[in-house]
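Proteins come first, then strands; the chains are lettered A, B, ... in the order of their sequence lines, and each starts at number 1. Excluded from the calculations below are hydrogen atoms, water molecules and symmetry mates; all remaining heavy atoms, backbone and side chain alike, are included.
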Amino acid sequence: MTGHAARAAVRVPRDLAAGIFLVVLALGAWLATTDLAMTEGGGQPGPGLVPRSVALLLGGFGMLVAALGLFDRDTRIAGLAWRGPIFVLGSVVAFAASIRTLGLAFAGPIAVLVSALADREQRLGEIVPYALVLTALCVGLFKYVLRLPIPLAPLVLGY
Amino acid sequence: MRIDRLMAALLGLVLLAGTARAQNYPERPITLIVPFAAGGASDVSSRIMAESMGKILGQSIVVENVAGAGGATGSLRGKNATPDGYTIGFGHMGTHAASVATNPKLPYDPRKDFDYLGVHLTTPNMIIVRKDFPAATLQEFVAWAKANGKKLKMGHNGVGSLSHLTCLLFFQQAGVEPTYVVYRGFGQTINDILSGAIDGTCDLVASVRGHVMGGSVRGFGLAAAQRTPLLPDVPTSIEGGLPGFQAESWLGLYAPKGLPAPILAKLREAAVKALDDPMVQQKFQDIGGSVPPPADRGGQRMLEIVNRDVERWMEVARKAGGVEEGK
Amino acid sequence: MELFDHILLGFSVALGLKNLGLCLLGCLIGTLIGVLPGVGPVATISMLLPITFGIDPVGALIMLAGIYYGAQYGGSTTAILVNIPGEATSVVTALDGFQMARQGRAGAALGIAAIGSFIAGTFATVLIALLAVPMARLALLFKPADYFALMVLGLMLAVVLARGSVPKALAMILAGVLLSTVGRDLETGEERLTFGWGEIDDGIDFAVIAMGVFGFAEILRNLATPEARDVVRGQIGRLLPSWAEFRQSLMPILRGTGLGSFLGILPGNGAVLAPFASYSVEKKLADDPARFGQGAIEGVAGPESANNAGAQTAFIPLLTLGIPPNAVMALMVGAMTIHNLVPGPEIMTKQPRLFWGMIASMWIGNLMLVVINLPMIGLWVRLLKVPYRLLFPTIVLFCCIGIYSVNNNPVDVYLTAAFALLGYVLILLEFEPAPMLLGFVLGRLLEEKLRQALAISQGSLWTFWDHRIAAVMLALAALAIVVVALPRIRRGREQAFVE
């Protein structure tokens with residue numbers, strides 16, 4: 001999120017944004033389930049009954065929350081930051097993308113290093129050896145003590 | 001995702017170099033993908049086979065559970081695995097035959113996408129009803145069902161599950177439609193039979209054995225040609241007057257298609273040899289099944305069985321399609 | 001007296017050197033996987049099944065059982081220390097437990113969790129020894145209609161869980177129920193909200209949501225407000241609860257034990273409701289409910305006891321009737337059949353060594369666990385002093401591995417990232433994640449039981465009246481809405497007027 005958009009978001013009354021979020025969620029669920037029947041032969045609930053009714057209720061509550069938010073205009077969204085989410089979530093995605101192809105031996109340090117970037121106080125000389133030691137510990141723990149079938153280094157070792 | 005593709009390409013190159021290694025196969029542990037959660041007959045029988053085959057091949061075989069979508073997720077992973085002999089998979093009559101009929105969006109074709117190693121366990125299905133149900137034999141049960149139709153409440157473990165398919169087959173043979181109540185897993189189904197909320201289910205001998213032996217449910221209509229030594233007091237469907245109700249579930253192993261011939265041969269040999277292991281035979285009996293007769297063993301025969309059963313279940317589904325699906 | 005003979009038999013079996021060792025091994029492994037986020041007893045027990053081939057059946061089951069209830073002890077550790085509930089049953093512990101940790105009272109939280117669990121375990125074991133068969137019969141009284149009503153009552157309790165705005169909490173419950181419907185419909189096989197992804201055909205894994213919405217979101221929050229995160233590192237505080245805190249927790253522990261013992265016998269994992277119910281009850285009964293959510297020790301003591309009691313009584317349907325009430329018990333069935341023990345109503349009479357040996361070993365296991373866990377509190381609390389810049393990547397890595405190991409599927413890890421983002425958004429918008437998780441956990445059961453009940457009654461809604469238990473539960477639920485919501489609405493309106 002650029003600084004501009006972040007500043008704009010912070011100006012919106014928080015509960016108004018919360019309510020809109022709920023309505024969008026509800027709408028999304030409603031539209032994604034149009035092909036599900038609400039009832040089936042014999043007055044029985046169909047696959048669509050629970051998801052769609054809940055989506056309706058959720059939308060209703062969303063509107064309520066948004067309305068209540070208009071009465072509380074001064075409460076704003078606080079704590080918005082972009083560095084944390086990008087690097088932490090990025091590290092999880094990187095792990096997921098590399099675990100089966102590169103194995104834990106590589107995906108581990110990747111996850112640790114990328115997520116570490118989210119913190120400005122990080123020191124390179126500290127985090128790099130830490131990542132390697134931690135990965136080694138995890139390999140020992142998960143692969144050898146618990147015997148979980150996690151790929152170790154498919155390209156180098158084959159398993 | 002670009003990294004994935006690059007890695008896959010590199011893997012392909014490594015594989016080309018690896019075909020020369022067939023003589024030393026296997027050089028490292030083999031993965032056996034089981035497309036179900038741990039604990040059921042599928043998982044347990046796979047672990048038993050893994051233990052035995054591992055000894056024969058000289059390398060350990062590690063079970064990897066990849067559950068989801070009634071077995072489709074794991075089976076898809078098995079289909080797409082590198083055909084180098086270091087990944088094999090488990091499949092049964094549901095995942096590798098009936099699924100073609102029940103799942104129009106099945107991401108694989110069991111008739112074409114796999115190199116089969118062989119069936120390792122068969123277990124017949126049967127009908128069980130609650131203890132105080134007003135019918136004690138198959139004939140009485142069918143008569144009751146015909147007289148009461150939808151008042152009969154049969155449970156099963158989900159659309160496309162072995163218990164569902166067995167029930168469909170049975171009631172098609174009997175010519176009557178009960179009310180189906182769907183549960184998540186056999187544990188919940190048997191609970192509601194014991195509590196009296198529903199009347200019965202059609203499931204594997206392996207699952208219901210304890211309850212029949214303990215007397216908490218009544219069993220009849222064994223869907224096999226002969227009585228099973230595991231439950232000698234349960235009459236077969238033939239004895240009960242419904243000879244068309246034959247439903248034996250089979251469990252087997254496969255490898256992804258494209259395996260180098262010598263490796264495939266080694267795996268098939270191991271899969272068949274394991275069936276002669278007395279430990280395997282005993283444990284299979286313990287869980288309620290038996291090793292297949294020699295005529296039904298081996299990868300070639302398994303392919304024939306797959307083809308035969310795909311046809312059979314497509315027929316069942318076609319007939320059921322005339323009535324509301326799943327009801 | 002026959003009972004005395006049985007107990008003697010049980011202890012003679014459980015105290016044998018080999019079985020004692022297996023129990024200890026199980027408890028150690030269980031604690032370890034309970035602590036590790038994502039890795040759960042199901043994965044581990046299935047991994048160790050082949051190893052048990054060579055051990056006699058009683059010993060094998062003692063070890064596997066130890067893993068199961070050991071995991072309950074360990075699961076509260078991560079919930080308290082880093083706000084990551086490892087199992088569905090630890091979500092509630094994270095609410096007040098983590099707050100206690102932030103206040104430097106992690107030792108007291110961990111301590112009361114272990115002590116409460118031990119007391120609960122003892123009571124539950126006695127209950128099993130005395131009342132196994134009647135309790136099993138009690139469970140069989142619940143038909144789908146009754147179960148549905150119980151779930152509805154459970155959802156009403158969720159409102160009590162909420163710390164802040166009621167409409168937002170209710171919205172979160174609904175969102176949770178909505179998430180629980182994702183997957184392939186059990187009855188018709190149709191895809192619901194899966195957007196074509198085969199991997200979530202069986203629904204979203206609880207661990208994925210919990211980790212994303214609790215654990216990762218907490219990390220993101222800490223990174224966004226660096227001043228707040230250092231508070232944890234300040235004081236270590238006591239390593240055990242004080243006498244005053246213990247006295248405060250005693251009644252919650254007893255109530256939690258009662259709730260957990262009862263709900264543990266219900267099939268379909270009804271035990272998961274127990275900690276939520278305990279939390280709500282304690283909050284309602286406390287003279288100062290505002291403390292809940294800020295580090296009230298009763299909010300840890302009650303749910304943890306409920307949790308452990310439920311884990312013990314879950315063995316009742318398995319050992320008396322051969323019905324597995326949850327996924328771990330289903331694994332036990334597998335383990336039993338491998339060892340040629342056929343699970344069914346005959347176990348109690350035909351295998352008394354197994355039945356009574358397991359009961360005795362359950363109590364011994366609980367004792368071992370409290371002996372293992374209490375001294376480790378010092379270790380855990382010291383871990384909190386690790387600089388955050390090193391701690392959070394560690395948590396990230398453990399979570400990634402843990403989630404991957406659940407189903408060996410990277411899609412689960414991607415999903416966790418998505419839920420982490422959702423969790424962060426929820427924090428920004430001041431939504432509480434706990435009601436959402438409760439809605440998720442109950443939603444699936446709720447819908448299944450509703451459809452089963454209506455299938456059985458062939459569409460007639462009168463079934464909820466005909467089934468007396470259901471009728472009573474639904475009436476209680478309606479009452480609960482009124483009792484719980486009214487004072488808050490009144491208070492809210494007063495606040496609005498003041499402004």
Heavy-atom closest pair, residues [X] and [Y]:
X: B:V66; Y: C:N408; result: CG2-CB, 4.3 Å
X: C:E187; Y: B:V182; result: CG-CG2, 3.2 Å
X: B:T73; Y: C:N409; result: CG2-ND2, 4.1 Å
X: B:Y183; Y: C:P144; result: OH-CG, 4.4 Å
X: B:R77; Y: C:P410; result: NH2-CD, 4.1 Å
X: C:I456; Y: B:I198; result: CD1-CG2, 3.8 Å

*Residues two or more places apart in sequence or in another chain: which of them pass side-chain contact (heavy atoms from CB on, under 4.5 Å) with C:A314?*
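Partners of C:A314 by the side-chain contact (heavy atoms from CB on, under 4.5 Å) criterion, ordered by chain and then number, come out as C:Y68, C:P325, C:N326, C:M329.
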*asked:* B:N80: which residues meet the side-chain contact (heavy atoms from CB on, under 4.5 Å) condition with it, sequence neighbours left out?
replied: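 B:N80 satisfies side-chain contact (heavy atoms from CB on, under 4.5 Å) with B:L76 once adjacent residues are dropped.
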[atom1] of [X] to [atom2] of [Y]: how many Å apart, nearest 0.5 Å?
X: C:L331; Y: B:D43; atom1: CG; atom2: CG; result: 7.5 Å
X: C:Y147; Y: B:N191; atom1: OH; atom2: CG; result: 8.0 Å
X: B:H156; Y: C:L186; atom1: NE2; atom2: CG; result: 8.0 Å
X: C:I323; Y: B:S216; atom1: CD1; atom2: OG; result: 8.0 Å
X: B:D286; Y: C:L341; atom1: CG; atom2: CG; result: 9.0 Å
X: C:L445; Y: B:Q188; atom1: CG; atom2: CD; result: 6.5 Å

Engaged part of [X] at the chain B interface, taking heavy atoms whose separation is under 4.5 Å:
X: C:R444; value: side chain
X: C:K449; value: side chain
X: C:P267; value: side chain

*Apply side-chain contact (heavy atoms from CB on, under 4.5 Å) to the pair C:M336 and B:I287, showing each step before the final yes or no.*
CA-CA 9 Å; C:M336 285 170 84; B:I287 61 179; over 6 Å; no
_For C:R137, is the CZ atom crowded, meaning more than 12 foreign heavy atoms sit under 6.0 Å from it?_
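No, CZ of C:R137 has 12 or fewer neighbouring heavy atoms, counting only those of other groups under 6.0 Å.
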*Just checking, is any N or O donor in the side chain of B:K153 or C:Q452 under 3.5 Å from an acceptor N or O on the other one?*
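B:K153 vs C:Q452: no donor-acceptor pair found between side chains.
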*Just by modelled atom types, is the B:K150 backbone N or O under 3.5 Å from a matching donor or acceptor in the C:Q458 side chain?*
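Yes: the side chain of C:Q458 pairs with the backbone of B:K150.
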